[in-house]
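This report concerns only the one structure given below.
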There are 2 protein chains.
Amino acid sequence: MTVTLADVAARAQVSPATVSRVLNGNYPVAASTRERVLKAVDELDYVLNGPASALAAATSDLVGILVNDIADPFFGIMASAIQAEIGGPGGRAGGERLAVVCNTGGSPERELTYLTLLQRQRAAAVVLTGGAIEDAAHQAAMDAKVRKLADAGTRVVLCGRPPAPDTGAIALTFDNRGGGQELTEHLIGLGHRRLGYIAGPEERTTTRHRLEGHRAALAAHGIEEDPRWTVHGRYDRRSGYEATLELLRRDPSLTAVVAANDSVALGACAALRDSGLRIPEDVSVAGFDDLPFSIDAVPSLTTVRLPLAEAGARAGRIAMGREEAPPGGIASVRGELMVRGSSGVPRS
Amino acid sequence: MTVTLADVAARAQVSPATVSRVLNGNYPVAASTRERVLKAVDELDYVLNGPASALAAATSDLVGILVNDIADPFFGIMASAIQAEIGGPGGRAGGERLAVVCNTGGSPERELTYLTLLQRQRAAAVVLTGGAIEDAAHQAAMDAKVRKLADAGTRVVLCGRPPAPDTGAIALTFDNRGGGQELTEHLIGLGHRRLGYIAGPEERTTTRHRLEGHRAALAAHGIEEDPRWTVHGRYDRRSGYEATLELLRRDPSLTAVVAANDSVALGACAALRDSGLRIPEDVSVAGFDDLPFSIDAVPSLTTVRLPLAEAGARAGRIAMGREEAPPGGIASVRGELMVRGSSGVPRS
DNA sequence: CCGTATATAGAAAGCGCTTGCTGTAACGCT
DNA sequence: AGCGTTACAGCAAGCGCTTTCTATATACGG
């Protein structure tokens, strides 16, 4: 049998109500009584029953963080930052909160399932990270779920994900379009006119926005795009490797390859090297995100830095009600172009 | 007001008990009744109240995964694999389980706090990943906590962490010592006699075991170790960079650098390159773990592959009671030496 | 010195669910 | 036909906590 509140109360010679109040610290209790209770708690090694507490109080100290791929540092960094902000005391009585990271693996079903699970646990807040899946039915289902969560008092924050209008969710969106455009403009400025683009999976907002930025830059400079120059793949290195070989096969005259993210760019570099091409002398490469390893690549990667940790921290604070939501519930987070060794003037 | 079991019962014209049984599927219910209930659930958009359910049933569907650093793919990969095994149906009624990843940041206090939080939530299982902190007091506190959890019916699995005897926890330990030894022996076999070692943080089992393996290899070949050849640091790239410069300063005649893990090794490579040294012609470099990016480094990294995903998956299955625990509750997981471009014969 | 405000503690009513036990038909057997 | 079984369904007692309301004790103002 585990120790209950009543046991502690008996030992401290007070009522269960008093013990509860001491533990929650939300009601005046005489110092001497408090001490007696705390002593009993300690002696009995009492641990509050979370479910019972959540049931009675109709709130829980669970905070959910949904990520597409926990093995990807892009999400790991955000999750880490969010969790760091959540760990501390917040809302109800200096109580610790349990930040739970849920890995959807990019699957629509799991995303929805996790949201239901969190709703079931009456989570205090939920942070959804990364791009959304662009499927009308799924979007609608997600929005409905989010709205329901928000209605039930769960604070919902989107971090690095487009806003979901009329759902009550607060959005910290990454300016993927702007970053993509800036990146490609840098390459164009260097003199590149034949640029390959390795996009992420289709039906993802992040993929689409980055690609749109790329195309906007091309259009702005009057460069007509060849459909052969775009290949879709996954957000991992392997995919970048294969896509680059494909790109090279389709048009060996490309002088630059823009990747959907840094991992993909690394794969692209490997493929280029394996094809006997030098970076950036023969082909320039650019990534996106500026993950920690990007500066370590040889040559170091030109990319767009996304303030993942900062955005995550802010999302965490907003989720905890420790920071005000941005006006209109939407804020755009800009990326910063990082020009490094992997981009240079095109070969003549 | 949210929808409750009673509402569903009323709508389906049955008793709450019946609804509960339909939902849990652990008691015979006539097909026609079940359908009626399910229909009502659907129509009312009913979501079970997790805390209430956990309270009444004295169990919850939460599974905790503790990691030292969620932004590090080493943990991300394990967590991902564990979670994949847990997501599915298990134990009680095809019910989904909520796998929660808790980021301790390597802090002893947070580790303990999270364990308490999970205990409070009456977690169904807990998986502790990665090396443990070697502090007697902390160890004792952890062991006591783990024992308490196990006593309360929570299954505890250690993945990549040394066994905790008499705690009821099941351990899947990585053979860090053996891997470290094999790695250094490879280097010695190549002809190296002056090897630098960049160790991880002190007071960590992983750090100690890998270092012990390294020293065992040296000893086995009659190489006397110079204390200047070992530097401690963190498990990240930055630390590897700095430690390598320090190593070079202390003894420029080193012909090989063994790193605590792959990230550190990457930092070492960068430092060597920045010092005008070629890899492996001037200095060989070796890592540990074989994370995905290691093969992409230039030159690709010689390292010890740890089957992180496999071990994680197994830990997950054991935690769910879907796979039998190894005999004695302890299993050692071996690493595999991956010889690649970063190691070669020493310069003469 | 009394009436009222103030501080502190307890009693008790749930929170929404699970489950042991108790019906009550319908069924099968002799 | 009579009776033990079997298959469902409902009743009701909690699970361990929070919180409203109430009770008591002390303090204060006049």
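Protein chains get the first letters and strands the later ones, always in sequence-line order, with residue 1 at the start of each.
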Give a yes or no on whether the backbone of [Y] and the side-chain of [X] come within a donor-acceptor separation of less than 3.5 Å.
X: A:Arg120; Y: B:Gly50; result: no
X: B:Arg204; Y: B:Gly106; result: no
X: A:Thr129; Y: A:Leu66; result: yes
X: B:Asn24; Y: B:Asn26; result: no
X: B:Ser60; Y: B:Ala54; result: no
X: B:Ser20; Y: B:Pro16; result: no
X: B:Arg155; Y: B:Ala319; result: yes

Presence of [X] side-chain N/O under 4.0 Å of [N] phosphate oxygens OP1/OP2:
X: B:Asn26; N: C:dT19; answer: yes
X: B:Asn49; N: C:dC15; answer: no
X: B:Ser20; N: C:dT18; answer: yes

Practice problem: For each nucleotide in nucleotides 7-12 of chain C, reading 5' to 3', give B when a protein heavy atom comes within less than 4.0 Å of its base, S when such contact involves only the sugar-phosphate, and - otherwise. | Solution: -BBBB-
Nucleotide [N], atom [atom2] - distance to [atom1] of [X] in whole Å:
X: A:Leu23; N: D:dT18; atom1: CG; atom2: C1'; answer: 12 Å
X: A:Asp61; N: D:dC17; atom1: CG; atom2: P; answer: 14 Å
X: B:Gln121; N: D:dG16; atom1: CD; atom2: C1'; answer: 14 Å
X: A:Arg120; N: C:dC15; atom1: CZ; atom2: P; answer: 21 Å
X: B:Gln119; N: D:dG16; atom1: CD; atom2: P; answer: 14 Å
X: B:Leu55; N: D:dC15; atom1: CG; atom2: C1'; answer: 4 Å

Practice problem: Would you mind reporting whether A:Arg147 and A:Asp143 have side-chain heavy atoms less than 4.5 Å apart? | Solution: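 Sidechains of A:Arg147 and A:Asp143: in contact.
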Quiz item: Above 12 or not: heavy atoms from other molecules or residues under 6.0 Å from CD of A:Glu35?
Solution: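 At most 12 heavy atoms, drawn from other residues, nucleotides or ligands, come within 6.0 Å of this atom.
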Self-check item: Minimum-distance nucleotide (side-chain atoms of A:Ala56 versus C:dT19, C:dG16, C:dG14)
Solution: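 Within the option list, the nearest is C:dG14.
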Quiz prompt | Closest to the B:Ala57 side chain, choosing from D:dT18, C:dG16, C:dT19 | solution =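 The listed nucleotide nearest to B:Ala57's side chain is C:dT19.
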Practice problem: Using heavy atoms and a sub-4.0 Å distance, could you list which residues of residues 39-48 of chain B are near DNA chain C? By number, please. | Solution: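 B:Tyr46, B:Leu48 - these, ordered by number, are the residues of the stretch whose heavy atoms sit under 4.0 Å from the strand.
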Practice problem: Go through the steps to decide whether B:Ser15 and B:Thr18 satisfy the test side-chain hydrogen bond (donor to acceptor under 3.5 Å, both in side chains), and finish with yes or no. | Solution: CA-CA 5 Å; B:Ser15 73; B:Thr18 301; 3.2 Å; yes
Quiz prompt | Rounded (10°) bend between the five-pair end axes of the helix from C:dC1-D:dG30 to C:dT30-D:dA1 | solution =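 Between the first-five-pair axis and the last-five-pair axis there is 30°.
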Practice problem: Kindly indicate, with the supporting measurements, whether the criterion side-chain hydrogen bond (donor to acceptor under 3.5 Å, both in side chains) is fulfilled by A:Thr104 and A:Ser107. | Solution: CA-CA 6 Å; A:Thr104 65; A:Ser107 138; over 6 Å; no
